[in-house]
2 protein chains.
Amino acid sequence: MRKHPILVGLGKRIRELRIERGWSQENFANECGLDRSYYGGVERGERNVAAINLAKVAEVLGVRVGDLFPD
Amino acid sequence: MRKHPILVGLGKRIRELRIERGWSQENFANECGLDRSYYGGVERGERNVAAINLAKVAEVLGVRVGDLFPD
DNA sequence: ATGTGACTTGAAGTCCGTT
DNA sequence: AAACGGACTTCAAGTCACA
């Protein structure tokens, strides 16, 4: 599987924000309209997630898409 | 899914930044390691570009990935 | 130099399950 | 609650010819 550093950083950041908000992966994934299995892979940095799904995640988290990427 | 507003906004922003730097689509795409035709589609909002390609574009533009998304 | 349509291939994304 | 797998279907990635 792929573990591109960009994706790992992205996954870690999203996970942080989700946990801050007290969501489970499963509930959060459902809220975003994503499959729980797929979403788990995103947090683990194994999925090269595309822009529209990034936008969905950012919206549910209540942040801008840019905030999903670590500096 | 094609011409999604998120993608159109993203493409416009990327185009702005590219033109500011005086690149042609073709030269810029090559610099990013992308095909010019594919890249053109990104600027037109016709491609749901994924995180790794966003990272390539941001790097060549010298901005953070978050800066590619309009507020 | 860019827009566009058509195309193939590999990965994105879904749906079920078990650990 | 989360990781992980199999078996799918859909779409992003990447390329080309032509306008």
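Chain identifiers are assigned alphabetically (A, B, ...) following the order of the sequence lines, protein sequences preceding nucleic acid strands; residue numbering begins at 1 within each chain. Worth saying up front: this structure is predicted, and the values here are computed from it rather than measured.
- Residues passing the salt bridge (Lys or Arg N to Asp or Glu O under 4.0 Å) test with A:E16 are A:R13, sequence neighbours excluded.
- In this model, the phosphate group of C:dA12 is not approached by any side-chain N or O of A:N53 to a distance below 4.0 Å at OP1 or OP2.
- B:I52 places its CD1 atom 10 Å from the P atom of C:dA11, with the value rounded to the nearest Å.
- When the side chains of ILVMFWY residues are joined at heavy-atom separations under 4.5 Å, either directly or via intervening members, A:V49 and A:W23 end up in a single hydrophobic cluster.
- A heavy atom closer than 4.0 Å to some atom of DNA chain D occurs in no member of residues 58-66 of chain A.
- A:F69 and B:V63 fall within the same hydrophobic cluster, defined by Ile, Leu, Val, Met, Phe, Trp and Tyr side-chain heavy atoms under 4.5 Å apart, directly or through other members.
- A distance of 9.5 Å separates CG in B:L54 from CD1 in A:I6, rounded to the nearest 0.5 Å.
- Between A:S24 and the phosphate of D:dA1, there is a side-chain N or O to OP1/OP2 separation shorter than 4.0 Å.
- One interatomic measurement links the two molecules: CD of A:E26 to C1' of C:dG17, which rounds to 13 Å at whole-angstrom precision.
- Mapping B:E46 and A:Y38 onto DNA chain C by nearest heavy atom places B:E46 closer to the 5' end of the strand.
- Whole-Å rounding puts the A:Q25 CD to C:dT14 P distance at 15 Å.
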Do any N or O atoms of the protein come closer than 3.5 Å to N or O atoms of nucleotides 5-9 of chain D, and which pairs are they?
{"residue": "D:dG5", "atom": "O6", "partner": "A:S37", "partner atom": "OG", "Å": "3.3"}

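- Here the CD-OH distance, from A:E43 to A:Y38, works out to 12.0 Å after rounding to the nearest 0.5 Å.
- Annotation: B:R21, atom CZ; neighbour count of heavy atoms from other residues, nucleotides and ligands within 6.0 Å is above 12.
- We find that CD1 of B:I6 is positioned 17 Å from C1' of D:dA12, with the value rounded to whole Å.
- B:L61 contributes atom CG, which lies 10.5 Å from atom CD of B:E31 (distance to the nearest 0.5 angstrom).
- Checked by distance alone, A:R44 brings no side-chain donor or acceptor within 3.5 Å of a matching partner on the base of D:dA3.
- For D:dA12, the OP1/OP2 oxygens have a side-chain nitrogen or oxygen of B:N48 closer than 4.0 Å.
- Atom CG in B:L7 sits about 13 Å away from atom C1' in D:dC11, given to the nearest Å.
- Atoms CD and CG, from B:E46 and B:L7 in turn, are 10.0 Å apart once rounded to the nearest 0.5 Å.
- Note: A:I14 CD1 to A:D67 CG = 11.5 Å, rounded to the nearest 0.5 Å.
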Derivation of the side chain to side chain contact (heavy atoms under 4.5 Å, CB included) call for A:L17 and A:L68:
CA-CA 9 Å; A:L17 294 167; A:L68 301 181; 4.1 Å; yes

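- One distance of note links CD of B:Q25 with CG of B:N27; it measures 11.0 Å at 0.5 Å rounding.
- Set against C:dT2, D:dG14, D:dA1, the side chain of A:N27 has D:dA1 as its closest nucleotide.
- As rounded to whole Å, 9 Å separates atom P of D:dA2 from atom OH of A:Y39.
- At the heavy-atom level, B:G33 lies nowhere under 4.0 Å from the strands shown.
- Fit an axis to the five pairs at each end of the helix from C:dT2-D:dA19 to C:dT19-D:dA2 and the two axes sit 50° apart, to the nearest 10 degrees.
- Protein atom CZ of B:R47 is 13 Å distant from nucleotide atom P of C:dA6, rounded to whole Å.
- Considering only residues two or more places apart in sequence or on other chains, A:E26 meets the salt bridge (Lys or Arg N to Asp or Glu O under 4.0 Å) condition with A:R36.
- The closest donor-acceptor contact from the side chain of A:N48 to the backbone of B:I52 lies under 3.5 Å.
- Of the residues in residues 15-23 of chain A, none lies under 4.0 Å from DNA chain C by heavy-atom distance.
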Evaluate the criterion side chain to side chain contact (heavy atoms under 4.5 Å, CB included) for residue pair A:V57 and A:L34; output intermediate values, then yes/no.
CA-CA 9 Å; A:V57 167; A:L34 301 174; 4.1 Å; yes

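- Across all their heavy atoms, A:V65 and A:A55 have their closest contact at CG2-CA, 4.0 Å.
- Between the C1' atom of D:dA1 and the CG atom of A:N30 lies a distance of 13 Å, rounded to the nearest Å.
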